[in-house]
Amino acid sequence: MAGMDTQPTFPRIISVDDHTVEPPNVWQDRLPKRYLDTGPRTVRAPLKEMTFLGGRFKPVMGAPGDDGPIGDWWVYEDLHRPLTRLDTAVGYARDEIKLEIITYEQMRPGSYDVPARLADMDVNHVQSALCFPTFPRFCGQTFTEAADRELALLCVRAYNDWMVEEWCGPEARGRLIPLTLIPLWDPVLAAEEVRRNARRGVRAVAFSEIPPHLGLPSVHTDAWDPFLAACDETGTVVAMHIGSSSRMPSTSADAPPAVGSTITFANCCFSMVDWLMSGKLERFPNLRIMYAEGQIGWIPYILERADVVWEENRAWGGVADKVRRPPSELFAEHVHGCFFDDAFGLRNLDAIGVGNVLYETDYPHSDSTWPKSRQVGEEQMAHLDAPTVERIVRGNAIELLGLTPDGLWSP
C-alpha cells in the first residue's frame with residue numbers, strides 16, 4: 001500500500017557479549033563462614049595510585065584517612081581491585097569517560113541489577129544477552145591466581161550458582177543467558193564444572209584466549225582434553241573474550257591505552273591460529289569456540305594465510321599429522337567471530353561466512369554501542385538481505401547457544 005513502510009523491522013538483538021558487574025553479596029552470601037574474611041568482599045577506600053600502560057592495569061588502594069578519590073574495591077586474599085568508570089561507562093559522554101575509581105552509586109544500575117538491566121536492554125532493542133564477569137575477570141583469572149585453591153574452587157562454584165540461579169534466574173524471564181567459569185588450574189575439575197552446569201541448561205563457558213599468558217598449558221598440549229571432551233559432549237561453547245589472557249595487546253611498556261584499544265583483536269587473531277593448528281577441532285568434532293569483542297574484519301586474511309601455510313608448509317610446520325583439513329574448513333564448522341561495530345567485516349562477510357558471525361553490544365563498557373546498537377546495525381547491515389541480517393543479529397546465537405526459537409534461555 002502506498003505510503004506504508006516496506007522495510008523489514010530490524011530483528012531484536014541477541015547480544016553474545018555484554019557484562020555484569022557483580023553485586024557485593026555474591027560471595028558473601030555463598031561461601032562458608034570460615035572464608036568470609038578472605039573471600040571476595042567489597043570495601044570503600046581511597047585510591048592512592050592507578051595506571052593502565054602497556055596493556056597492564058595497576059591500581060593501589062590507600063589506607064583509611066588517606067587523600068585521594070573514594071571508591072568501592074573488591075578485596076580477596078591480597079588482591080585489591082577497584083571498580084572503575086571503564087567497567088561501566090554507558091550513559092556518559094565519550095569525552096567524560098576516564099580511568100577513574102567509582103562507587104556502586106556512581107554506575108548505571110543496569111550494570112548489576114536484573115530489572116534495571118532488562119529495562120536498558122529494552123531501550124537498546126536487545127532481547128537477550130550473554131554476560132561476561134567483571135571482578136573474576138573475563139575467564140576467572142582472579143581465582144586462578146589465588147593462593148588458596150580450595151577457596152578458589154568454592155568461589156568459582158559460587159559465581160556459577162549466582163549466575164544461573166540469580167542473574168539468569170526467574171526475574172530475568174529467560175532474557176539473560178548464563179556464562180559460567182571453570183577452575184582453570186585443573187582440567188579435570190573444569191570438566192566436572194562444565195558437566196554440573198550443563199545439567200542445568202548452561203551452554204557457554206569462559207576460557208582464556210592464550211592460556212600460556214596465565215602460566216597454563218597451551219591448546220597444543222593434551223592438558224585440556226578432559227575439559228574439551230566435556231564441552232564436546234555437552235554442547236558447551238568455549239567463549240573467549242579479549243583480555244582473557246590478562247594481557248591486552250600493546251607495543252611497549254609506555255604505550256598509551258589508545259594503542260591497545262586499536263589492536264584489541266590481536267589476541268583473538270593469535271588464539272584462533274592456535275586452535276586452527278592444534279588438531280583439537282578435529283579431535284572434538286562437536287566443539288564450538290567464539291571470540292567476544294574481537295570484531296571480524298581481520299578474519300578473511302588469517303584464513304587465507306592459514307590455508308596457504310597448511311597447503312605448502314605443513315610438513316615442516318609441525319601440523320601434518322594432526323591438521324588433516326584446510327584451516328578455513330575447520331573455521332567454518334567450529335569458530336564464531338563476534339562484533340558490535342565492524343563495517344569493514346560486514347562488507348567482507350562472504351569471506352567469513354554468514355553462519356560464523358554473531359552480534360553484540362558490549363554493555364556497559366566504554367566501547368558499547370548502547371543505546372544505539374540497533375541504529376549501528378541498521379547502518380552497517382543496510383546492504384544485506386533480511387534473512388542474512390536475521391542470522392547475524394539473532395539466528396546464529398539461537399543455534400549456537402541452544403536458545404528457544406523465540407531467543408530465550410530455558411534451563
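Counting begins at 1 with the first residue of the sequence. Just so we're clear, the structure is a prediction, and the values are computed from it rather than from any experiment.
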Heavy-atom neighbours of [X] [atom1] exceed 12 at 6.0 Å:
X	atom1	answer
K98	NZ	no
D78	CG	no
E399	CD	no
D385	CG	yes

What distance do [X] atom [atom1] and [Y] atom [atom2] have between them, rounded to the nearest 0.5 Å?
X	Y	atom1	atom2	value
R199	R195	CZ	CZ	9.0 Å
R34	L151	CZ	CG	9.0 Å
S128	I13	OG	CD1	11.0 Å
N396	E390	CG	CD	10.0 Å
N25	Y112	CG	OH	11.5 Å

* Asked: Any idea which heavy atoms bring H334 and P285 closest together, and the distance?
  -> CE1-O, 3.2 Å

* Measure across S208 and S245 and return the closest heavy-atom pair with its distance rounded to 0.1 Å. => OG-CA, 3.6 Å

* To do: Indicate yes or no for a side-chain donor-acceptor contact from S15 to the backbone of T361 under 3.5 Å, with no hydrogens or angles considered.
  => yes

What I want to check is whether the side chains of [X] and [Y] have a donor and an acceptor closer together than 3.5 Å.
X	Y	answer
D72	T103	no
H220	D274	yes
R175	Q127	no
D254	S252	yes
H241	D17	yes
Y363	D120	yes

Does the side chain of [Y] come within less than 4.5 Å of [X]'s, by heavy atoms?
X	Y	value
E145	R137	yes
L214	C139	yes
D18	R117	yes
I392	M381	yes
E166	D29	no
L153	D186	no
W73	R81	no
E22	W162	yes

* Evaluation steps, ring pair (Phe, Tyr, Trp, His ring centres under 6.0 Å), between Y76 and W27 -> CA-CA 10 Å; Y76 169 45; W27 289 275; 8.1 Å; no

* **Ionic contact status for R157 with E193, cut-off 4.0 Å** => yes

* Can we say K372 and D341 salt-bridge, meaning some charged N sits less than 4.0 Å from an Asp/Glu carboxylate O? -> no

Establish, yes or no, whether a centroid distance under 6.0 Å links the rings of [X] and [Y].
X	Y	answer
F340	Y359	no
F138	H19	yes
F265	Y291	no

* Give a yes/no verdict on a cation-pi contact between R85 and Y92, requiring under 6.0 Å between NZ or CZ and the six-membered ring centre and an angle within 45° of the axis. => yes

* Taking the six-membered ring of W310 as reference, does the NZ or CZ atom of R314 fall below 6.0 Å from its centre and within a 45° cone about the axis? -> yes

* To do: Begin from the C-alpha positions of W185 and F143 and carry the test ring pair (Phe, Tyr, Trp, His ring centres under 6.0 Å) through to its verdict.
  => CA-CA 9 Å; W185 61 90; F143 305 125; 8.2 Å; no

* Mind checking side-chain hydrogen bond (donor to acceptor under 3.5 Å, both in side chains) for D342 and listing every partner two or more places apart, or none if nothing turns up? => none

* Qualifying residues under side-chain hydrogen bond (donor to acceptor under 3.5 Å, both in side chains), relative to E329, sequence neighbours excluded -> R325

* **Partner residues of E304 under the salt bridge (Lys or Arg N to Asp or Glu O under 4.0 Å) criterion, sequence neighbours left out** => none

